[in-house]
Amino acid sequence: MNSLADDAAHVESLTALSRFRSEFHGCLPRRSDALFELCDAMLCSDSPVTSLPELTLTAEHQRGHGAMYDALNHGRLDIGRLRWSLAALPLPRAADGRIVLAVDVSPWLRPDAPTSPDRLFCHIHGRAKNQAQLIPGWPYSFVAALETGRTSWTQVLDAIRLGPADDATALTATQLREVVGRIITAGHWAPDDRDILIVMDSGYDVCRLAFVLADLPVQLVGRLRSDRVMLGPAPPYHPGPRAGRPRKHGPAFTLAKPDSWHNPDQATITDTTRYGKAEVMAWERMHPRLSHRGPWLDHEGELPIVEGTLVRLRVERLPGDGDPKPVWLWSSATGVDAEHVDRLWQAFLRRFDLEHTFRLFKQTLGWTTPRVRSPEAADRWTWLVIAAHTQLRLARPLVEDLRRPWERAARPGRLTPARVRRGFRHLRARVVCPASAPKPSRPGPGRPSGVRNRNRAPRHEVGKTVKRAVTLTEHRNQTG
């Protein structure tokens with residue numbers, strides 16, 4: 001009986017992978033076969049992708065390098081259809097059945113590409129501690145579904161390139177709204193289910209996002225800087241002749257000054273295998289003091305009070321750090337118990353699984369390898385990488401572990417994405433390959449010998465091209 005069940009699961013996984021490959025080929029209206037073979041070559045290469053022309057030498061790529069560059073520069077990919085195809089796939093869930101999403105930005109650095117437009121200064125952490133620098137590149141915002149437990153697997157659902165005129169908070173809010181909408185439409189969430197949990201790092205304005213996405217069934221968890229100041233709930237109002245108007249805010253809560261803390265509403269201690277003892281304290285109904293600046297500049301009427309739960313997490317140890325600093329989190333959830341508080345910080349720790357996906361994209365699949373000029377070509381290559389990663393995820397239960405002699409044998413179901421990629425070439429013969437055979441053709445004449453290219457590519461400045469108003473007075477002057 002177990003053998004029959006395993007065979008049925010194997011056939012179902014093969015069918016799901018073949019169905020996605022056919023759907024992905026349908027998302028390529030122009031240069032479809034060349035783009036599809038480029039994705040297969042990325043999956044079946046024996047080594048990490050370090051050069052696009054070398055991908056055309058693999059057996060899975062039947063066309064020349066000229067067709068590959070033509071497809072990447074002038075092909076077409078229906079991103080909207082591909083997004084719906086990714087949302088229709090089964091989503092991983094947490095231990096309590098909740099969907100957990102992570103959003104983060106990863107840059108495609110292009111410091112030596114002055115002819116490439118829409119580059120921004122990307123914040124990059126240096127090798128030394130507390131060292132960072134700004135390097136020109138294309139930043140991409142990714143949204144992925146997280147699994148439970150320690151793993152290097154995520155399910156990437158969306159990617160958007162940040163442009164010079166884009167507001168990062170507004171673009172992230174729109175991106176999350178569209179992703180959640182596709183998840184609900186695909187039937188992964190019902191009104192009786194738990195709210196979708198969205199985790200993010202300190203680079204996001206989590207309070208602003210919680211206010212903008214308040215109409216969605218989501219809970220947000222984000223890290224705060226340790227120098228922030230939060231405010232407690234307003235004290236009860238006692239009317240009287242000298243009472244004055246009711247207070248809007250309670251006492252200040254300075255994260256860096258323990259003397260300003262009041263007794264926590266929840267406190268837990270959890271023993272973990274990786275971080276040792278995790279001590280958690282939580283304060284409810286904590287909110288920041290808002291002003292008519294930044295994203296709240298054009299807010300009409302009185303500024304709202306965005307209340308949530310403030311969480312302080314301190315662990316006993318970190319890998320490579322003997323004295324870890326406490327982490328401050330803020331969640332849009334209110335009225336939480338001790339179990340919910342533990343679920344919040346545990347979900348935030350799972351956010352770092354997305355870093356493994358970025359590392360796989362860059363070091364193995366060669367996401368930032370091509371030296372393309374146009375950002376549109378960069379978008380096509382980015383979605384090809386996402387489609388390849390999705391196929392690796394669907395192939396997890398199908399490939400065998402082709403481990404190196406010095407590697408340990410992986411437990412069933414615990415293959416890493418890189419080790420699944422090693423066996424994808426053997427699996428490709430059993431799944432659908434909708435790309436047709438190439439037609440014989442002759443190369444074009446090209447530029448005559450000895451004639452220089454007189455159409456020089458324009459050069460573009462790096463950074464923001466749209467100056468936004470900082471104060472309310474500037475905003476009123478710009479809007480007239």
Side-chain angles (χ1 to χ4, degrees), residues 28 30-31 34-35 38-39 41-42 48-56 65-80 82 104-126 132-143 156 158-168 170-172 174-175 203 357-389 446-447 452-468:
L28 305 171
R30 184 187 302 165
R31 309 294 196 276
L35 291 174
L38 181 59
C39 184
M42 186 196 323
V49 178
T50 57
S51 172
L52 288 189
E54 290 184 358
L55 285 181
T56 62
H65 65 279
M68 179 269 299
Y69 278 118
D70 180 67
L72 199 59
N73 292 321
H74 305 288
R76 184 181 172 189
L77 195 152
D78 191 347
I79 298 178
L82 184 55
D104 201 358
V105 174
S106 184
W108 182 340
L109 300 181
R110 296 304 310 275
D112 54 350
T115 59
S116 296
D118 296 345
R119 292 183 304 159
L120 300 178
F121 285 107
C122 304
H123 183 270
I124 303 299
H125 293 281
Q133 51 187 328
L134 296 175
I135 300 178
W138 290 315
Y140 280 83
S141 175
F142 290 87
V143 177
V156 181
D158 193 27
I160 293 181
R161 177 174 47 84
L162 302 177
D166 293 330
D167 181 84
L171 185 67
T172 303
T174 303
Q175 182 183 22
T357 301
F358 293 155
R359 186 180 303 172
L360 175 78
F361 279 9
K362 296 180 180 181
Q363 298 183 0
T364 303
L365 300 182
W367 172 41
T368 58
T369 294
R371 297 179 179 272
V372 295
R373 176 181 297 175
S374 66
E376 293 77 16
D379 294 343
R380 295 187 196 100
W381 175 250
T382 299
W383 281 101
L384 288 182
V385 173
I386 294 176
H389 181 261
R447 189 186 312 119
R452 295 183 178 181
N453 183 11
R454 299 180 179 179
N455 298 323
R456 299 187 61 181
R459 294 177 175 264
H460 304 272
E461 298 293 335
V462 184
K464 294 290 185 181
T465 59
V466 177
K467 183 179 180 180
R468 300 186 180 90

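Annotation: side chain to side chain donor-acceptor pair (under 3.5 Å) contacts of D158 (sequence neighbours excluded): R83, Q175. With sequence neighbours excluded, no residue forms a ring pair (Phe, Tyr, Trp, His ring centres under 6.0 Å) with W383. For the side chain to side chain contact (heavy atoms under 4.5 Å, CB included) test, residues two or more places apart in sequence or in another chain that qualify with A34 are R63, A71. Looking at residues two or more places apart in sequence or on another chain, you find no salt bridge (Lys or Arg N to Asp or Glu O under 4.0 Å) involving D78. P48 meets the side chain to side chain contact (heavy atoms under 4.5 Å, CB included) test with no other residue; sequence neighbours excluded. A search for ring pair (Phe, Tyr, Trp, His ring centres under 6.0 Å) contacts involving H123 returns H125, not counting sequence neighbours. In this view, E54 and T50, S51 satisfy the side chain to side chain contact (heavy atoms under 4.5 Å, CB included) rule, not counting sequence neighbours. R31 pairs by the side chain to side chain donor-acceptor pair (under 3.5 Å) definition with D70, not counting sequence neighbours. For V156, the side chain to side chain contact (heavy atoms under 4.5 Å, CB included) test picks out F142, A144, T154, T357, F361, I386, H389, with sequence neighbours left out. Qualifying side chain to side chain donor-acceptor pair (under 3.5 Å) partners for S106, counting only residues two or more places apart in sequence or in other chains: K362.
To the nearest 0.5 Å, the span separating OG1 on T174 from CD1 on I160 amounts to 7.5 Å. With values rounded to the nearest 0.5 angstrom, Q363 atom CD is found 10.5 Å from T369 atom OG1. Rounding to the nearest 0.5 Å gives a distance of 10.0 Å between CH2 of W381 and CG of L35. A distance of 11.5 Å separates CG in L365 from OG1 in T382, rounded to the nearest 0.5 Å. The CG atom of L120 lies 14.0 Å from the CZ atom of R110; values are rounded to the nearest 0.5 Å. Atom CG of L134 and atom SG of C122 lie 8.5 Å apart (nearest 0.5 Å).
Taking 4.5 Å as the limit, every side-chain heavy atom of W367 sits out of range of all side-chain heavy atoms of M42. At a threshold of 4.5 Å between non-hydrogen side-chain atoms, the residues P107 and Y140 do not count as touching. The shortest distance between side-chain heavy atoms of P375 and W108 does not fall below 4.5 Å. Using a 4.5 Å cut-off on side-chain heavy atoms (C-beta onward), N453 and R447 make contact. Between V49 and L55, the closest side-chain pair of non-hydrogen atoms falls below 4.5 Å.
A distance-only check finds no donor-acceptor pair linking the side chain of D166 to the backbone of A168 [under 3.5 Å]. Under a 3.5 Å cut-off, the side chain of N73 and the backbone N or O of Y69 do form a donor-acceptor pair. In this structure, the side chain of W138 engages the main chain of P117 through a donor-acceptor pair within 3.5 Å. Under the 3.5 Å distance criterion, the side-chain polar atoms of R119 are left unmatched by any main-chain donor or acceptor of L109.
When the shell of 6.0 Å around NE2 of H460 is examined, it contains more than 12 heavy atoms from other residues, nucleotides or ligands.
Among pairs with a residue in residues 364-385, those fulfilling salt bridge (charged side-chain N to carboxylate O under 4.0 Å, His left out) read D112-R371, R161-D379, at least two apart in sequence or across chains.
Across L384 and C39, no two heavy atoms sit closer than the pair O-SG, 3.7 Å.
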